[in-house]
Structures are given as C-alpha cells and as structure tokens.
Amino acid sequence: MEYLLHLLVMFGIFGALASAANIDAGYGGVLSFAYAAVFGAGAYVTAYLLGPQSAPVWLALPAAVAVGIGANLIVAAIASRLADGDFAVATLAAHGLFAAVVANTDLVGGPMGLQIPQVQVGGLSLSSPIVAAAIALSLLTLSVAAAYKLQRSSLGRALRVVREDAVLARSLGIDASACRVAAMAASGALVGAAGFVFASYVQFVHPDSFTTREAVLIVCMAIAGGLGTPWGAVAGAALLVLLPEGLRWVGLPAASEGAMRDILYGSLLAAFVLLRPAGLFGCFVPAAKPHDTTVR
Amino acid sequence: MIESFAQLGIIAAASFSVYALASLGFLLIYIPAKFFNFTAAVPVLLTPYIAYAVIQRSGSFALGCLISLAAAGILGGFLYQVVFRRLGASGYSATIQLVATLGIYTAAVGVIGLIFGQQSVRIDPFESEAILLPLEIRVSFAQALSIGTAAAAILCFHVVWRRTEVGLRLRAMADDMILARILSIPVSRYAMFAFAAGFVLLGLAGVLGGFDSALRPTFAFPLVVVAMVAAAVGQGNARFAAALAASAVIAIAETAVAWYAGEAWARPVSLVCLIVILVWAGTQRRNSLRQV
C-alpha cells in the first residue's frame with residue numbers, strides 16, 4: 001500500500017512539473033530544460049528553511065513558490081533574448097550550473113545534501129505517504145485546472161498567437177513578452193510548490209535528486225503526453241512514472257536501474273519526436289518558422 | 001612561482017587540445033545539422049569506452065584507438081542517414097530536433113551505464129609516467145600525446161578544409177546549403193562525410209579526454225558544452241579559428257579557476273560562458289534585425 005501511495009506522490013509531483021512545462025511550451029512555445037533546476041531551487045529553499053533555520057511551514061511554502069517564480073522569470077528573461085534551439089541549450093546549461101552550485105555550496109549541505117525534520121501541519125505529517133499523496137494530487141489537479149483555465153482565457157489565446165508567430169502577435173497589439181512572463185510566473189509557482197511537496201515528503205534534498213535525468217524526464221513527460229492540451233502532462237507523467245516501475249519485475253540488479261531508466265526516457269523521447277511529435281494527446285507540434293532567428 | 005604557472009600552462013594546453021578537437025568535430029557536424037545537437041556527445045562517450053574494452057581484451061592501445069575511432073565514424077554516418085535526414089525533412093523547430101538528439105544521448109548514457117556500470121574506469125596507457133622539462137615542469141606522456149595528436153589533427157583539418165575539393169564543398173555548404181545544392185554539390189553525401197569526420201574528431205577528443213579524467217557515463221557532457229560555446233562564438237558559422245580561440249580561453253579559464261577555487265568550480269566556467277555567449281549573440285541578432 002505504501003508503495004502505491006509513493007507512486008501516487010511521484011505521479012502528482014511530476015505531473016505538476018510536466019503540466020508547468022506544458023504551460024510554457026505547449027501554450028507559450030518556450031521549451032525550457034531548467035524545470036529540474038527550478039524544482040530543485042524550491043526544494044532546497046524548503047529544506048533550508050525547515051531544516052537549519054527551523055522556520056514554520058507557512059513561511060517555507062510561500063518562499064518555495066516565490067523562488068520558483070523568481071527562477072522561472074530569470075529563465076523568461078533569457079528566453080526573450082534567445083531564439084528557439086539556443087534557448088533550450090541555455091536552459092540546459094543553467095540547469096548544469098544549478099547542479100554544480102548546490103553540490104559545492106556548504107550552506108545547502110554541498111554534496112551531502114540537507115536533512116529536514118518531520119513537518120507537521122494540524123497534527124498531520126507531510127512526510128506520511130497518504131498525506132503527501134493527497135497534497136501531490138491536489139497540486140496536480142490545480143496545475144491541470146490552471147492549464148485548462150489558461151487554454152480558455154484571453155491570455156491563453158494571446159499566448160497561442162505568440163507561439164505561432166511572435167511578429168504577427170506584435171502586429172495585433174499583443175505584448176508577447178508580458179504574455180510569456182505571466183505564463184512563466186504561473187508555471188514557476190507550480191514548480192516551486194512541487195519542490196516544497198517533494199522536500200517535505202522525502203525529508204532530504206540532495207544534488208542527485210535534480211540531475212540532467214530529471215530535466216530530461218520532465219520535458220519527456222510533456223512531449224510524450226502531448227503539448228498544448230491539459231491532459232497531455234497527466235498522461236505523460238502516468239506513462240513515465242509507471243513504466244520504469246515495470247523494470248522492478250524484470251529482475252535487473254538495482255545498480256542497473258538508473259541506466260535502464262536513462263535508456264527508457266531517452267528512447268521514448270527520441271521515438272516520440274521522430275514518430276509521433278504530437279505525443280499521446282497533443283495538438284501542437286513546434287515547427288520551424290520562416291523568420292526564425294536561429295543560426296540555421 | 002614561474003614553475004607553478006608553467007605547470008598550469010601545460011595543464012591548460014592539454015585541456016585545450018581536447019577541447020579544440022571536440023569543437024572542430026562539433027562545428028563539422030553543425031554544417032549539415034544546423035542546430036545544437038546532443039548526438040555530438042555520443043561519440044565523446046562511446047569511443048573511449050570502446051577503446052577501453054578493446055584495450056582490456058587485446059592489450060593493444062593502438063588497436064583500441066583505431067577500432068573505436070572507426071566505430072565513431074560509422075556511427076556518425078549511420079546517425080545522419082537514420083535520424084538527421086529524417087529530422088531535416090520534418091520541418092520541426094530547432095528545439096524539437098534538439099530534444100530528439102538529447103533523447104539519443106540520454107539513451108547512450110544508459111547503454112554505457114548498463115554495460116560498464118556507474119564506476120569510473122581509466123584508459124591511461126602510460127600509467128602517469130612523465131617527462132621532466134627544465135624548471136622541473138612535469139609533462140605526463142598522456143598530456144604530451146594529447147597535445148601532439150591535437151596539433152597534428154588540427155593541421156590535417158586545416159589542410160583538408162582550405163586546400164582540398166572536399167573542404168571547398170563543405171565550406172560552400174556551410175555558407176549556403178541551398179546554393180550548394182543548386183551548384184550540384186551532392187549535399188547528402190558530403191553531409192554524411194561531415195558527420196563521419198566530425199564524429200571521429202569528437203571520438204578522438206573523448207579518448208584523449210579519457211587519459212586525463214576517469215571515464216564515467218556522464219563524462220561527455222562537459223566536453224560538448226565547451227564545443228557548444230565554440231560553436232556559439234562563431235554564431236553557428238563555420239568559423240574554426242574563432243572556435244579554437246574560444247576553446248583556448250575556456251581551457252585557460254578552467255585551469256585558473258581550478259587552481260584558485262578548486263577542481264569542482266572549474267566545470268561551471270564553460271556553462272557560464274555558454275549562457276553569456278548565447279545571450280550576447282541573441283541580443284546582437286535581435287539588434288541587427290531591429291536595424292533591418
């Protein structure tokens with residue numbers, strides 16, 4: 001039972017992360033690889049406040065959300081200056097930078113990571129699997145609702161115009177930068193909150209929890225599920241949280257599990273892009289634009 | 001003091017030789033691919049591991065290098081035919097194409113981890129033997145081999161690029177792919193050649209890099225980041241001199257940072273350089289578009 005609840009927690013957290021990626025990439029056309037870093041920043045802030053600082057939960061959650069928003073807005077600032085492929089590379093580099101900084105900074109435990117004491121709210125422990133599952137699934141529901149609402153809002157429509165053609169959007173009087181900033185602030189808040197849920201559930205944050213594998217996994221979930229639809233992220237998260245669990249039944253040694261996950265995520269990512277770029281439920285495939293300013 | 005700086009200079013030169021080869025290989029495959037692609041990390045990763053496996057079996061270092069570099073070349077041609085031609089014809093955005101290549105790289109990391117495990121291995125055939133130069137400067141055989149091999153490879157590359165028909169046609173493709181096609185250059189064949197040659201250079205960088213640092217499944221990524229910086233400095237054009245200069249600057253900066261702040265802070269140097277140069281290049285492009 002605890003194992004199933006753990007899977008639900010991971011499904012909820014990664015579903016919310018994939019949903020955030022879908023908001024930025026599926027609606028805004030900005031595919032970032034820095035979600036694992038933003039997620040890690042939210043988790044580290046939570047761990048730092050709840051651990052060494054012994055701060056209350058009501059302070060740690062808004063702080064994680066604020067850091068998520070701030071970090072994603074930095075990404076948005078980079079996005080406004082870069083074209084398409086260059087932006088993806090820059091965000092991947094930003095992720096690498098984050099990993100290097102947390103692994104070498106003593107303030108956040110360096111390579112040893114940070115331990116968090118058990119956090120209780122109203123007598124309920126946030127590290128209890130059933131409570132964590134309820135919180136993670138609530139966060140996932142919130143993220144899907146946000147994506148659904150965004151799809152039908154004027155901001156969502158403006159974002160889709162920006163996604164298809166930024167020049168056309170500008171000629172229609174749409175402020176492309178403001179639209180993207182609003183979307184990325186919303187997705188940053190979700191990612192920061194996911195960091196809080198993760199840190200308070202596992203009670204330990206470590207640089208190895210936010211590696212390039214996680215950065216790829218989040219994007220893989222969004223693309224496999226399908227960009228531009230609220231349910232795509234949920235389907236992608238379900239597929240990629242549950243599928244690797246099947247490896248446990250194959251009887252591989254524990255040391256090979258990480259390698260098998262890499263093979264699975266990598267193959268799925270390449271296969272989806274090459275064979276089914278719209279994903280399982282997607283309605284949008286980012287295409288090359290004629291006035292694209294990339295260096296091609 | 002002079003001895004310390006000279007020693008640091010040797011370390012920087014050895015790093016530069018590896019980075020230079022990776023940058024040349026990366027730019028060569030950039031000519032037909034036209035986007036930052038992570039399959040460049042695959043030969044950097046696979047070649048030293050193949051060399052390691054062959055050396056373990058046969059005991060011959062030269063045979064290990066030859067087989068692994070041949071495998072890198074074949075892999076380059078194969079990936080071009082199977083993946084890149086398809087991607088090029090797809091009309092997807094550069095980001096989506098990049099994501100596909102990241103998937104291939106991630107799968108390759110998994111395959112290496114599955115076969116060789118997560119433990120680090122070394123392929124230094126000289127077991128840290130060293131030559132002593134004046135001023136008590138110590139140059140390991142591995143460093144000397146890296147510097148010598150890279151110098152020879154860069155010279156060969158320069159001759160092929162500047163003085164041969166193949167180089168001329170590749171330069172034409174780098175300048176304008178459509179015009180090259182109009183001029184009846186067999187673009188696909190030369191693109192496959194560029195991929196094969198680029199993968200061999202990247203594989204060579206991987207093998208030489210494997211002398212210096214222990215091989216791990218994640219070993220290739222930092223090298224490719226440096227190669228991306230080199231490509232970004234040339235703003236995607238085949239400016240090999242600019243790429244070599246960028247490689248030299250990063251090698252010197254990393255060595256200086258490692259000496260001053262410790263080895264752990266050396267790797268972020270190239271990441272910071274990549275972000276800064278991409279943002280700078282993006283701003284330049286935006287400004288030039290505004291002027292137009």
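For the numbers below, each heavy atom of this structure counts, side chains included, while hydrogens, waters and symmetry mates do not. In what follows, chains are A, B, ... by sequence order, proteins preceding strands, each numbered from 1.
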> Identify which part of B:Phe221 has an atom lying under 4.5 Å from any heavy atom of chain A, answering side chain, backbone, both or neither.
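Contact with chain A is through the side chain of B:Phe221 alone.
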
> Which atom names give the shortest non-hydrogen contact between B:Ala100 and A:Ala270, and what distance separates them?
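Looks like O-CB, 3.8 Å.
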
> Considering residues, nucleotides and ligands other than B:Arg171, do more than 12 of their heavy atoms fall under 6.0 Å from its CZ?
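Enclosed.
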
> For B:Leu278, which atoms come within 4.5 Å of any heavy atom of chain A: side chain, backbone, both, or neither?
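The answer is both parts of B:Leu278.
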
> Should we count CD of B:Glu263 as having more than 12 external heavy atoms under 6.0 Å?
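Not buried by this count: 12 neighbours or fewer within 6.0 Å.
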
> Measuring from A:Asn104:CG to B:Arg267:CZ, what's the distance to the nearest 0.5 Å?
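It is 13.0 Å, given to the nearest 0.5 Å.
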
> Testing the basics here: between B:Gly110 and A:Asp262, what is the closest heavy-atom pair and its distance to 0.1 Å?
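For B:Gly110 and A:Asp262, the tightest heavy-atom pair comes out as CA-CB, 3.5 Å.
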
> Counting heavy-atom pairs under 4.5 Å with chain A, which one of B:Gly282, B:Gly113, B:Ala107, B:Ala33 comes out on top?
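Going by pairs under 4.5 Å, I would pick B:Ala107.
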
> Among B:Val279, B:Val109, B:Ile275, single out the residue with the greatest number of heavy-atom pairs under 4.5 Å to chain A.
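Most heavy-atom pairs within the cutoff with chain A belong to B:Ile275.
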
> Nearest 0.5 angstrom please: B:Phe35 CZ to A:Asp86 CG, how far?
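So the gap between those two atoms works out to 12.0 Å.
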
> Using a cut-off of under 4.5 Å on heavy-atom pairs, state which of A:Ala93, A:Gly96, A:Ala90, A:Gly258 scores highest against chain B.
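Most heavy-atom pairs within the cutoff with chain B belong to A:Ala93.
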
> Report yes if the side chains of B:Leu102 and A:Phe33 come closer than 4.5 Å at any heavy-atom pair, otherwise no.
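A side-chain contact exists here, since the closest heavy-atom pair is under 4.5 Å.
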
> Using non-hydrogen atoms and a 4.5 Å limit, figure out which bit of B:Val99 sits close to chain A: side chain, backbone, both or neither.
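Contact with chain A involves both backbone and side-chain atoms of B:Val99.
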
> Counting only non-hydrogen atoms closer than 4.5 Å, does A:Ile223 touch chain B with its backbone (N, CA, C, O), its side chain (CB onward), both, or neither?
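For A:Ile223, the contact with chain B is made by the side chain alone.
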
> Does B:Ile178 have more than 12 heavy atoms from other residues, nucleotides or ligands lying within 6.0 Å of its CD1?
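Counting neighbours around CD1 of B:Ile178, 12 or fewer heavy atoms of other residues, nucleotides or ligands fall under 6.0 Å, so no.
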
> Is chain A contacted by the side chain of B:Leu98, its backbone, both, or neither, given a heavy-atom distance below 4.5 Å?
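Contact with chain A: side chain only.
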
> I'd like to verify something: which residue of A:Thr211, A:Val216, A:Thr91 has the highest number of heavy-atom pairs under 4.5 Å with chain B?
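Max contact count across the listed options: A:Val216.
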
> Could you please spell out the steps behind the side-chain contact (heavy atoms from CB on, under 4.5 Å) verdict for B:Trp265 and A:Val101?
CA-CA 8 Å; B:Trp265 289 105; A:Val101 168; 4.1 Å; yes

> Got B:Thr106 and A:Arg213 here, is their nearest side-chain heavy-atom distance under 4.5 Å?
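A side-chain contact is absent here, since even the closest heavy-atom pair is not under 4.5 Å.
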
> Step by step, would you call A:Leu92 with B:Phe36 a side-chain contact (heavy atoms from CB on, under 4.5 Å)?
CA-CA 12 Å; A:Leu92 203 56; B:Phe36 284 139; over 6 Å; no

